[in-house]
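In this chain, residues are counted from 1 in sequence order. Counting starts at 1 for both ligands and their atoms, in listed order.
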Amino acid sequence: MAAASAVARAARGGRGVHTSAGSLARILCADNVSPVCAQVFKDRGHHVVEWAGGLSPADLKAELPKYDGIVVRSSTNLTEDIFPHCPNLKIVGRAGVGVDNIDRSAATRHGVIVMNTPGGNTRAAAELTISLLASMLRQVPAAHISMREGKWERKAFTGTEMNGKVLGVIGLGSIGGAVARYAQAFGMKVLGFDPKTSAEDAAAMGVTLATVDEVLAGSDVVSLHVPGGPATKNMIDAGAIAKMRDGAYIVNAARGNIVDMSALRAALDSGKIAGAALDVYPEEPVTSEDARAVVDHPRVVPTPHLGASTEEAQVQVAKEIAEQMSDALAGTRFEGVVNAPFVGLTRDPAALPFLECAEALGSMLAQMAADSLPLSRIEVVFRGRTMQGDARYRDGLAGAVMKGALPHLRPDLSAGSINLLNAPHLAAEASIDVKVRSTDEARRAGVDVSAGDEYMNAISVRGFDAAGRMHQLAGSVIDGKPRIIGVDEWRGIRTFRPVRTVLLLNNIDRPGAVADVTAILAEARINVAAMGVARQAPGQPALCMLTVDERVPRTVRARIEALDQVSAVRSATFDKFETV
Ligand SMILES: NC(=O)c1ccc[n+]([C@@H]2O[C@H](COP(=O)([O-])OP(=O)(O)OC[C@H]3O[C@@H](n4cnc5c(N)ncnc54)[C@H](O)[C@@H]3O)[C@@H](O)[C@H]2O)c1
Ligand SMILES: O=C(O)[C@H](O)COP(=O)(O)O
């Protein structure tokens, strides 16, 4: 399972992420995803099982623990309770756009990457939206049924033209944008609302930007293209419908719970809404009485979630998700990740040393604070253009610092169960408040940001115990490698690499003070690899930093602590970083 562990290593922010020929991950392809998906995985050396249709919660609990990855469409629901059953699961792929059937925050908490294929089914969904719109305005399905019943009813099916009407598009992303363009070819004017669309982008689509209320009030047809989820649930409720024109139409090919079915049913019955075309429903297949009544309404055109169901779109999303997941499993590319965009940093040679530095700082901080655990708060401050210029660093640094710290703060967790994705959540579980700020933000919050200020790029970490005592470290990347550049209040120290075992001693600066320490280490046959001292003035308190080749037993540490010139000894051992 070398490739499967590559994705875990990438999430852990480790080095050496690569595919080895013939290395296998076990992938479950569910929800009738195109066979192209399985083929791409097989071609990339993975072991694939194709599952016909969706998996029930019981199926998921029984089957998914055996797999490293799963591909789903919209039928299989990966709810919060599934993830604790799947310790091997590393990646979930959505062959499509909407990820509202996947509990992304539970996935993140369990260190599982979630990715989708935005764009793969845009054309299919936009074409179906226009088909629904035209069928609804011209009553094509009802006329079809009437013909099949042997009737010839022309007058009853007099329709409404698209030309000259106003289409209101809510959600001007890929599909909403395409719908807006297609509708203009039929002579429709388009009003649109999307908080993320700029006036320039709207103008390029030929859309007049408006508020949501203006779109509702000014449109003959309102078409919805926003993602599903709590933020858009019942966006079109009785209040929104009341704002619409009398005799307006609604098209929903986005997600079922965006429209309140009971409000739509009432508005269809009253004639406030002249017709609706729906591809999606609050529950699929339809079960509730309101949704059933809407589907059966004579002025409603329903389809069973067919937006992405074209040969072309299915092949496209199946191929894309298998390639994206295979690349992520190989650790070479992290396209389409929706719950941890920062994992891409682990493949960036310029970014990786900063993540390693943050992890080393977290590890050393937690080890330095061993005598004052638990830590209740960890603050991370970053400076420099590299990290400030890329929004992904904020989450990446939080993950890396906590990934380093947690093995020392939560002995209940095995080191292998902690990665960049879940580390901040595991910290929150232990009531450790983690804050990441840029120097500017920290300065505004009144935090001392002087640690590492002589470096272009630096990360400082401060850990506070319950009594408010603080431990502080700063690090930077020098010659492509992490270095510790500051310890507590000491500035301008001789920088050192976070490798082997680092001993920090607070001592009085006097002749032979350090020699007494190295003599004890020599007696214990502990080799000193590097050493540095920092002091305020001759004869004053000083800091001595020693890198030694072995772990320092408690008895040896106690002998050093007993020296009268030494006031505090702290040590940190690094397993994963290179040797000096
Ligand atoms: N019927 C189908 O088979 C089918 C197929 C594909 C996608 N979809 C659904 O369509 C949705 C949109 O797909 P897309 O590819 O265009 O995604 P997208 O991410 O490109 O676009 C979504 C847009 O909605 C906007 N948005 C979010 N909240 C909003 C709000 N409250 N008000 C206004 N705009 C808001 C976003 O800013 C974004 O621009 C998907 O999330 C999916 O649920 C359905
Ligand atoms: O969000 C999507 O991509 C669509 O709703 C398609 O869903 P499906 O893959 O279940 O057809």
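No donor-acceptor distance shorter than 3.5 angstrom exists from the side chain of E153 to the backbone of A143, with no hydrogens or angles considered. A distance-only check finds no donor-acceptor pair linking the side chain of D237 to the backbone of D260 [under 3.5 Å].
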Write out each pair where an N or O from ligand 1 and one from the protein are under 3.5 Å apart, with the distance.
from	atom 1	to	atom 2	distance (Å)
ligand 1	1 (N)	A253	O	2.9
ligand 1	1 (N)	D279	OD2	2.9
ligand 1	3 (O)	H305	NE2	3.3
ligand 1	3 (O)	G307	N	3.3
ligand 1	3 (O)	A308	N	3.2
ligand 1	16 (O)	S174	N	3.3
ligand 1	16 (O)	I175	N	2.9
ligand 1	20 (O)	S174	N	2.9
ligand 1	20 (O)	S174	OG	3.1
ligand 1	37 (O)	D194	OD1	2.7
ligand 1	37 (O)	D194	OD2	3.3
ligand 1	39 (O)	D194	OD2	2.6
ligand 1	43 (O)	R255	NH1	3.3

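Other residues, nucleotides and ligands place no more than 12 heavy atoms under 6.0 Å from the CD atom of E161. Atom CZ of F186 is surrounded by 12 or fewer heavy atoms from other residues, nucleotides or ligands within 6.0 Å.
The pair R333-E323 does not count as a salt bridge, with every side-chain nitrogen at least 4.0 angstrom from each carboxylate oxygen.
Remark: the N101 side chain and the S74 side chain contain no N/O donor-acceptor pair separated by less than 3.5 Å. Side-chain contact annotation: D81 with T79, donor-acceptor N/O pair under 3.5 Å present. No side-chain N or O of Q316 forms a donor-acceptor pair with one of E312 less than 3.5 Å apart. Side-chain contact check for R109 and S105: at least one donor-acceptor pair (N or O, by modelled atom type) lies under 3.5 Å.
Residues with a heavy atom under 4.0 Å from ligand 2: R73, S74, R94, A95, G96, V97, G98, N121, R255, H305, A308.
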